[in-house]
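Ligands are counted one by one from 1 in listed order, and the atoms in each one are counted from 1 as well.
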Amino acid sequence: MNGLDPRAPLVLDTRELGRRPGSQREVTRTVPAPADLGIEVLSVPEGAPVELDLRLEAVMEGVLVTGTAKAVLEGECARCLEEISEDIAVTFQELFVYDDIRDSAEAEEDDEVSMLQDDLVDLEPLLRDAVVLALPFQPLCQDDCPGLCTECGARLADEPDHTHEAPIDPRWAALTELTQDPTD
Ligand SMILES: [Zn+2]
Ligand SMILES: [Zn+2]
């Protein structure tokens, strides 16, 4: 396992807590969004600011990280392809277990457990999961987006009265055919 870089924006140093259960630290920082924070159609653009508000709390087994992250999502409406930009605020909580308390064989079996690495917390997977979980299944520009006109592709939310010439009444169509049909 590669060591974490203590200077990386999404890596938190817990050494200040001194492994004393009950000791706490608040961390507020704005970090650039990592790549692929979200899903293909809706994500926080890489490098866009993510505001983090975190509390680190030492417990017996490790460090409990609780926090919120705020950012702006960008993407496009699944129905009309209009660009969407919306604020997102997610909360998360995770226990990071001291890596020297658990033996590594046990930890490998259970990959649900997040581990501290040399008393550092890697916040990125936690942030990524929280953001992806908060995303709508289908991003829409508005809840009842009517989508695009199937005939000409106009965006119906812009033109509520959008219509096309009604197709010719089939009875008239039959008549037209009769009069035009050469009888010879
Ligand atoms: Zn739309
Ligand atoms: Zn149309």
Taking the N/O/S atoms of His164 one by one, which is nearest to the Zn ion (ligand 2)?
NE2
Does Asp118, at its CG atom, have more than 12 non-hydrogen atoms belonging to other residues, nucleotides or ligands within less than 6.0 Å?
no
For the atoms SG of Cys141 and SG of Cys145, give the angle they form at the Zn ion (ligand 1), rounded to 10 degrees.
110°
To check your reading of the site, what angle at the Zn ion (ligand 1) do SG of Cys80 and SG of Cys77 form, to 10°?
110°
Is it the case that the side chains of Glu51 and Thr30 hold a donor-acceptor pair, with the cut-off being a distance below 3.5 Å and no angle test?
no
Any Lys/Arg nitrogen of Asp53 or Lys70 sitting under 4.0 Å from an Asp/Glu carboxylate oxygen of the other?
no
Check: Cys141 and Arg155 side chains under 4.5 Å, non-hydrogen atoms:
yes
Can you give the angle Cys152 SG - the Zn ion (ligand 2) - His162 NE2, rounded to 10°?
100°
